[in-house]
> 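My structure is below; once you've seen it, I'll send some questions.
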Number of protein chains: 2
Amino acid sequence: MDDRTARERVLDAAARLYYRRGIQNVGMVDLRAESGVSLKRLYRLFPSKDSVVEQALLRQHETWDAWLAAAIDAADTPRDRLLAVYDMLARWFSHDDFRGCMFINSFGELGSVMPRVAEIVRAHKADFQARVAELARAAGAPAGLAPQLAILAEGAQTTAAISGTTDAARQARQAAEVLIDTALPRPDAA
Amino acid sequence: MDDRTARERVLDAAARLYYRRGIQNVGMVDLRAESGVSLKRLYRLFPSKDSVVEQALLRQHETWDAWLAAAIDAADTPRDRLLAVYDMLARWFSHDDFRGCMFINSFGELGSVMPRVAEIVRAHKADFQARVAELARAAGAPAGLAPQLAILAEGAQTTAAISGTTDAARQARQAAEVLIDTALPRPDAA
DNA sequence: CATACCGGAGAACGAACGTTCTCCCAGCGA
DNA sequence: TCGCTGGGAGAACGTTCGTTCTCCGGTATG
């Protein structure tokens with residue numbers, strides 16, 4: 001019924017369910033139902049639930065990073081590439097099933113009890129910060145700007161998740177414009 | 001051994017343990033051990049674990065709000081009162097047991113499965129935003145500034161939690177200064 | 001057509017946990 | 001001293017869940 005490999009089906013189902021309900025509220029039986037992969041096969045593919053959690057987070061990182069890269073690539077100027085981050089957030093927040101950042105959620109739920117989860121989340125956020133820093137560098141901004149822009153993006157994600165509105169993306173973008181244009185005055189500003 | 005009421009001891013223990021390990025990783029037996037209140041008494045004080053979770057979050061909200069109010073009150077000018085938020089974050093982040101915002105963590109863990117938790121977290125964040133909005137209004141800032149400053153504070157909390165460093169407080173404060181001084185130019189600026 | 005094997009469904013097992021129950025002791029009044 | 005009451009410790013109970021095991025049907029091969 002599905003030409004993805006069983007492994008892919010399991011990891012997609014895991015990412016979807018873990019994101020929707022929280023990791024500890026999804027059992028292996030739920031995973032079986034959502035993926036269509038039998039328990040026996042599931043345990044031949046992964047040694048334990050912890051392993052599924054780990055691989056699902058790693059796969060989600062790839063997916064998210066690809067979204068981000070695509071959004072950035074679609075913009076032309078260095079300034080627009082920085083702002084493209086917030087436009088991507090705006091589109092993401094408007095999805096019906098948006099429930100915040102899976103990595104932030106997983107960190108809060110399991111970061112203190114599953115060191116591997118904490119490690120993966122840290123790496124994910126470090127990657128994001130590195131990407132923003134690269135964009136800022138390409139725009140010629142001083143080093144202090146990138147962490148500020150990353151903080152705005154993080155704050156927008158949690159604010160949007162909790163409030164249930166998409167406003168935070170627009171607000172973060174407007175703040176980012178001010179920070180960018182202060183750090184890096186545009187020659188053509190009116 | 002302790003003149004707090006049993007109820008207070010339970011809620012303090014609950015807030016401490018839930019924050020440290022995540023709500024679902026703390027059992028009623030752990031709560032008993034940490035609070036010194038017997039299981040029987042515990043169940044006479046609270047009808048269920050869900051009730052303990054709810055009351056502990058509400059109590060934590062009071063505590064956090066009092067911290068914030070104290071930090072704000074210690075500053076003199078409207079501008080410094082806005083920035084006092086980030087100074088409080090800096091002090092908080094440097095605590096050994098800092099592990100992010102309990103409300104954000106709880107929302108990620110249980111927000112989709114315990115509506116009461118989602119509701120309390122939303123109310124907590126709405127209170128924070130209202131506080132910031134009040135400070136911004138007192139400073140004479142346009143309405144758009146307050147949400148931006150709140151987003152910076154949220155982002156600083158998750159960034160500090162995940163990275164394990166305190167840098168985010170300083171970075172958020174610097175960004176806030178730029179936003180404030182752009183929205184509200186100081187007459188006495190050099 | 002017979003047989004060996006692969007994989008699925010889901011029962012079984014053990015641990016963890018929320019909640020309740022039993023047993024026991026300390027204190028107190030007659 | 002004797003019984004009564006209240007409360008603590010922690011055993012007991014039922015459920016959930018991670019993980020493994022059993023049974024069974026389908027398929028390929030001779």
Side-chain angles (χ1 to χ4, degrees), chain A residues 1-57 105-106 108-117 120, chain B residues 1-57 105-106 108-117 120:
Chain A
M1 65 147 162
D2 193 334
D3 58 352
R4 288 173 301 164
T5 70
R7 183 190 152 83
E8 281 169 329
R9 267 179 292 152
V10 170
L11 292 181
D12 285 354
R16 196 161 46 243
L17 292 184
Y18 290 163
Y19 179 62
R20 189 181 309 158
R21 312 214 297 254
I23 293 175
Q24 292 177 105
N25 295 307
V26 175
M28 296 302 269
V29 171
D30 302 308
L31 224 53
R32 193 210 82 99
E34 179 89 1
S35 68
V37 171
S38 74
L39 272 184
K40 196 189 273 186
R41 200 126 91 95
L42 224 163
Y43 274 96
R44 203 160 338 110
L45 289 164
F46 304 93
S48 68
K49 175 175 176 177
D50 284 8
S51 166
V52 177
V53 170
E54 181 179 328
Q55 308 279 326
L57 284 174
N105 293 350
S106 302
E109 181 178 359
L110 293 172
S112 69
V113 96
M114 277 185 63
R116 189 77 184 101
V117 167
I120 292 169
Chain B
M1 62 148 162
D2 194 333
D3 58 353
R4 286 173 303 164
T5 69
R7 182 192 151 83
E8 282 170 328
R9 268 179 292 152
V10 170
L11 293 180
D12 285 353
R16 196 161 46 242
L17 292 185
Y18 291 163
Y19 179 62
R20 189 181 308 157
R21 310 214 298 253
I23 293 174
Q24 293 177 104
N25 296 307
V26 175
M28 297 301 270
V29 172
D30 302 309
L31 224 54
R32 192 209 82 100
E34 179 89 0
S35 68
V37 172
S38 75
L39 272 185
K40 196 188 271 187
R41 201 126 89 96
L42 223 162
Y43 275 97
R44 200 155 346 106
L45 290 165
F46 304 93
S48 67
K49 175 175 176 177
D50 284 7
S51 167
V52 177
V53 169
E54 180 179 327
Q55 309 278 327
L57 283 175
N105 293 350
S106 301
E109 182 177 357
L110 293 171
S112 68
V113 96
M114 278 185 63
R116 190 76 184 104
V117 167
I120 292 169

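Chain letters run A, B, ... following the sequence lines, proteins first and then strands; every chain starts at 1.
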> Hey, is A/Arg4 close enough to A/Asp12 for a salt bridge, meaning N to O under 4.0 Å?
yes
> For the backbone of B/Thr5 and the side chain of B/Glu8, can you confirm whether one donor and one acceptor N or O come within less than 3.5 Å of each other?
yes
> What's the CZ-P distance between B/Arg41 and D/dG8, to the nearest Å?
5 Å
> Under 3.5 Å, is there a donor-acceptor pair between the side chain of B/Ser35 and the main chain of B/Arg9?
no
> What closest approach, in Å, do B/Val10 and B/Val52 show between heavy atoms, and which atom pair accounts for it?
CG1-CG1, 4.4 Å
> Please report the distance, rounded to the nearest Å, between CG in A/Asp50 and P in D/dC17.
16 Å
> Considering only heavy atoms, which members of residues 13-28 of chain A lie under 4.0 Å from some atom of DNA chain D?
A/Val26, A/Gly27, A/Met28
> Hey, does B/Lys49 reach any base, or is it just sugar-phosphate, or nothing, if we go heavy atoms under 4.0 Å?
sugar-phosphate
> Take the protein atom CG of B/Leu45 and the nucleotide atom C1' of D/dG8, then report the distance between them rounded to whole Å.
14 Å
> Check whether B/Asn25 reaches the backbone of B/Arg21 with its side chain - one donor and one acceptor, N or O, closer than 3.5 Å.
yes
> In whole Å, what is the span from the CG atom of B/Leu39 to the P atom of D/dG6?
20 Å
> Give me the first and last nucleotide of DNA chain C, going 5' to 3', that has any atom under 4.0 Å from a heavy atom of chain A.
C/dG7 to C/dA9
> If you look at every heavy atom in A/Phe46 and A/Ser51, which pair is closest and at what distance?
CD2-OG, 3.8 Å
> A/Leu57 and A/Ser106: which non-hydrogen atoms are nearest, and at how many Å?
CD2-OG, 3.8 Å
> Hey, is the main chain of B/Gln24 close enough, under 3.5 Å, to the side chain of B/Glu109 for a donor-acceptor pair?
yes
